[in-house]
There are 2 protein chains.
Amino acid sequence: MAARLVEALSAAPSGVPIYKEIRRAMLARLEQGAWAPGMAIPSEAKLKQEFGVAIGTIRKAVDELVAENILIRQQGRGTFVATHNRDRLLFHFFHIERQDGHKEYPEVRMLDFERARADERCAAKLKIREGERVLRFRNVLSLEGVQLMLDEIVLPERLFPKLTEKRLRERPSTLYNLYQDEFGLSVVRTEQRLRAALAPREVARALGLAAGLPMMEIHRVAFTYNDLPVEFRVSHVDTSKHDYVGGTRR
Amino acid sequence: MAARLVEALSAAPSGVPIYKEIRRAMLARLEQGAWAPGMAIPSEAKLKQEFGVAIGTIRKAVDELVAENILIRQQGRGTFVATHNRDRLLFHFFHIERQDGHKEYPEVRMLDFERARADERCAAKLKIREGERVLRFRNVLSLEGVQLMLDEIVLPERLFPKLTEKRLRERPSTLYNLYQDEFGLSVVRTEQRLRAALAPREVARALGLAAGLPMMEIHRVAFTYNDLPVEFRVSHVDTSKHDYVGGTRR
DNA sequence: CCCAATTTGTTCGTATGTATA
DNA sequence: TTATACATACGAACAAATTGG
């Protein structure tokens, strides 16, 4: 087994560094679920043997995956596959906080759930064909008991076979945790576009707000490992008491 | 000189890795202007000798500064201090683009300029005392000839001595380039909070828009090396045809 | 056009320190 | 205490890109 891997790697067309190949091999294992969320991956010493390279080369591959928040290193313990727990959601994916800086985990309530077909916009965002089957549901998010955000979420049915309203309602943790644990889809990155817009009647009604209130409209696409779109989400946020918080980088 | 540096580093209270100390030493040189924007820093071989450590240790320090977009490596040429040119602005600091994804550099026109004193909000954001002297000016930004954004910019006068309206108007490049070249202040990071709001009368008038239009309001603080706030900026963006574009990370 | 010098990029190997179980 | 795993640091060799002669 070890020899095979080494050959496969050194047989690469070259020009591509070994550590990049190893990074790809690791991503493949993550994608296939060979390395499951929350579990420790083999130690650097094991990987060094398995891939037949120096330990520094292994570390360089792991470095990149750690920088992408895909793996998590812990000195003395091991290197782990990142999971979608509440902390990670709050830190990396939920960008709304009170204007005084207070940040907390939102309470989520599902409004409705339906099977539908992708319109042009959804198809483009999810990189699927127009008319392909999708699941669509809406969530109301609250902070400190106050409803302030409506999420309309669209998933390609092909990626989420047999996902039912019941399973969504009864999920014990975050949505992304469900995607990860039940369907092997780990969200590792999002792209989003924000704009200001007057609250659509539907949205205002769902949140119990006056129609015509200015709201933040967010279009977000969530991707898993190989830039595969997993979810498209349109959010409307009441920003009268809360902000969307961002920074530089990329 | 070399010996002194080595002593200084090894005399550190320990617990702090050498490469972290070297990173700090490099940041100090950048802060003091010993390494000027756009210029090459000494080669890794030189730094290795100067600091009296292994080349790998130098590389690890540089790695971090490269990841922070403070230094830029170029194989065969050297390692350079990042400058605020238009490309960097567009890529790292200007987040507005057309809703169809088209991205370009904005045209800037200064509306007014005044000396004032920091109110409570400005003081908090800029970490200065309330009532301290500040410079305040407003810019209208246009894309493809259409005015779509009003920036109100506040600078602590202490950091920008003798900055005049004339120099601002006659700057050849970006604002951050001016901060960097004329005042030795390199913006390396920003924090921002976004919300939706109805266009204030003043803003609508300056941009030639109808009052009461929903606009994106952005509060941004720009920092230089040691988390020192350099600029506070409140922007109002007409997002009827454009979006604010963001991503994950941090 | 090629050669030589310089500089960063990759890879190897080893030793030791520190945190965890 | 011991074993394991990641973190730091050292040193060396060669590859790849750039520059200037």
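What you see is a predicted model; the values in this text were computed from it and never measured. So you know, we letter chains A, B, ... as the sequences are listed, proteins then strands, and number each from 1.
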Spacing between Phe51(A) atom CZ and dT11(C) atom P, to the nearest angstrom: 13 Å
Arg73(B) side-chain N/O to dG9(C) phosphate OP1/OP2 under 4.0 Å: yes
dA9(D) phosphate, OP1 or OP2, under 4.0 Å from Lys60(B) side-chain N/O: no
Whole-Å gap separating P (dT6(C)) and NZ (Lys48(B)): 16 Å
Note: Arg59(A)-Glu44(A) ion pair, threshold 4.0 Å (strictly below): yes
Residues Asp63(B) and Arg73(B) bridged, charged N to O under 4.0 Å: yes
Nearest-0.5 Å distance that lies between atom CG in Asn85(A) and atom CG in Asp87(A): 5.0 Å
Side chain to side chain, Ile153(B) and Leu155(B), heavy atoms closer than 4.5 Å: yes
Integer-rounded Å distance: dT8(C) P and Tyr19(A) OH: 16 Å
Polar side chain donor-acceptor pair, Gln180(A) to Ser186(A), under 3.5 angstrom: yes
Sugar-phosphate only, base, or nothing, as touched by Gly78(A) at under 4.0 Å among non-hydrogen atoms: sugar-phosphate
Euclidean distance, atom CD1 of residue Ile72(A) to atom C1' of dA7(D) [Å, nearest integer]: 17 Å
Toward the 5' end of DNA chain C, by each residue's nearest nucleotide, Arg59(B) or Thr57(A): Arg59(B)
From CA spacing to verdict: ring pair (Phe, Tyr, Trp, His ring centres under 6.0 Å), Tyr179(B), His84(B): CA-CA 9 Å; Tyr179(B) 299 171; His84(B) 277 286; 8.5 Å; no
For atom CD of Gln49(A) and atom C1' of dC12(C), their distance in whole Å: 16 Å
Short side-chain N/O contact from Thr79(B) to OP1 or OP2 of dT7(C), under 4.0 Å: no
Asp63(B) CG - dA7(D) C1' separation (whole Å): 14 Å
Hey, what are the protein-to-nucleotides 18-21 of chain D N/O distances that come in under 3.5 Å?
unit_1, atom_1, unit_2, atom_2, d
dT19(D), OP1, Arg77(B), NH1, 3.2

Integer-rounded Å distance: dT4(D) C1' and Phe80(A) CZ: 12 Å
For atom CG of Leu71(A) and atom C1' of dA5(D), their distance in whole Å: 15 Å
